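Note that this is a predicted model, so its numbers are computed, not measured.
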Amino acid sequence: VQAQVESGGGSVQAGGSLKLSCVLSGSTYMRNVMGWFRQAPGKAREPLAAMRIIDDSPFYASSAQGRFTISQDRARNMLYLQMNRLKPEDTAMYYCATGMVGDRILEISEYTYWGQGTQVTVSS
């Protein structure tokens, strides 16, 4: 069984920072990639960043490149997303997800296990 629980969201002014956390559970051999996604009201869910577990290799969507940083702590079974220089358009529900992911590492359909999300609201 796989499960994730996100935390660290909240309300912040534009230009501020937040660090999201995701507690991972379940069998570690059933996931090779961990990722962060978000969904704004009225919009489709979109990828932000992902990390390959075996070597911490990061991948970023254009919306996250340069402002967001993904990291993991294997000992604590934690996944993080550091978000800097936040913008109002970053307002969304943020999710972490895991799966056995192939070459399409930022494709939502590649991920099997999803958390319930943590809300991020950025005001101007």
Starting at CD of Glu6, measure out to CD of Gln4 and round the result to the nearest 0.5 Å.
7.5 Å
Under the side-chain contact (heavy atoms from CB on, under 4.5 Å) test, which residues partner Asp103, sequence neighbours left out?
none
Starting from Val5 and following side-chain heavy-atom contacts under 4.5 Å between hydrophobic residues (I, L, V, M, F, W, Y), which residues can be reached?
none
Residues Ile70 and Pro58: closest non-hydrogen pair is CG2-CB, 3.9 Å
The side-chain hydrogen bond (donor to acceptor under 3.5 Å, both in side chains) partners of Arg76 (sequence neighbours excluded) come to none
Less than 4.5 Å apart, side chain to side chain, heavy atoms only: is that true for Gln39 and Glu46?
no
For residues Val33 and Tyr94: do they belong to one hydrophobic cluster (side chain heavy atoms under 4.5 Å, members Ile, Leu, Val, Met, Phe, Trp, Tyr)?
no
State whether Arg85 and Asp90 are salt-bridged, where the test is any N-O pair (Lys NZ or Arg NE/NH1/NH2 against Asp/Glu carboxylate O) under 4.0 Å.
no
Would Leu48 and Leu18 show up in the same hydrophobic cluster when neighbours are defined by side-chain heavy atoms closer than 4.5 Å?
yes
Donor-acceptor contact below 3.5 Å, side chain Arg74 vs main chain Ile53:
yes
Can you find a heavy atom in the side chain of Met51 that is under 4.5 Å from one in the side chain of Asp56?
yes
Without placing hydrogens or testing angles, list every side-chain donor-acceptor pair under 3.5 Å for residues 115-124, not counting sequence neighbours.
from	atom 1	to	atom 2	distance (Å)
Thr118	OG1	Gly9	N	3.1
Gln119	NE2	Ala92	O	3.2

Taking Val23 as the starting point, is it possible to reach Leu81 by hopping between hydrophobic residues whose side chains are less than 4.5 Å apart?
no
Would Met34 end up clustered with Ile105 when hydrophobic side chains under 4.5 Å apart are linked, directly or stepwise?
no
Should Asn32 and Ile54 be marked as a side-chain contact (heavy atoms from CB on, under 4.5 Å) after you check the CA-CA gap, both sets of side-chain angles, and the distance that decides it?
CA-CA 7 Å; Asn32 67 335; Ile54 58 172; 5.9 Å; no
Supply the atom-to-atom distance Ser7 OG to Met78 CE, rounded to the nearest 0.5 angstrom.
6.0 Å
Which pairs with one or both residues in residues 36-90 pass ring-ring contact (aromatic ring centres under 6.0 Å, His included), sequence neighbours excluded?
Phe37-Tyr111, Phe37-Trp114
Rounding to 0.5 Å, atoms NZ (Lys43) and CE (Met93) come to a distance of 15.5 Å
Could you check if a side-chain atom of Met83 sits within less than 4.5 angstrom of a side-chain atom of Leu20, using non-hydrogen atoms only?
yes
Do side-chain atoms of Asn77 reach the backbone of Ser25 as a donor and acceptor pair under 3.5 angstrom?
no
State which residues pass side-chain hydrogen bond (donor to acceptor under 3.5 Å, both in side chains) with Gln82; sequence neighbours excluded, sorted by chain then number.
Asn84
Heavy-atom closest pair, residues Ser71 and Leu79
O-CD1, 3.3 Å
Does Tyr95 have Arg45 sitting over its ring (NZ/CZ under 6.0 Å from centre, angle to axis within 45°)?
yes
For the residue pair Ser63 and Arg38, what are the closest heavy atoms and their distance?
CB-NH2, 3.8 Å
Salt bridge between Arg52 and Asp55, side-chain N to carboxylate O under 4.0 Å?
yes
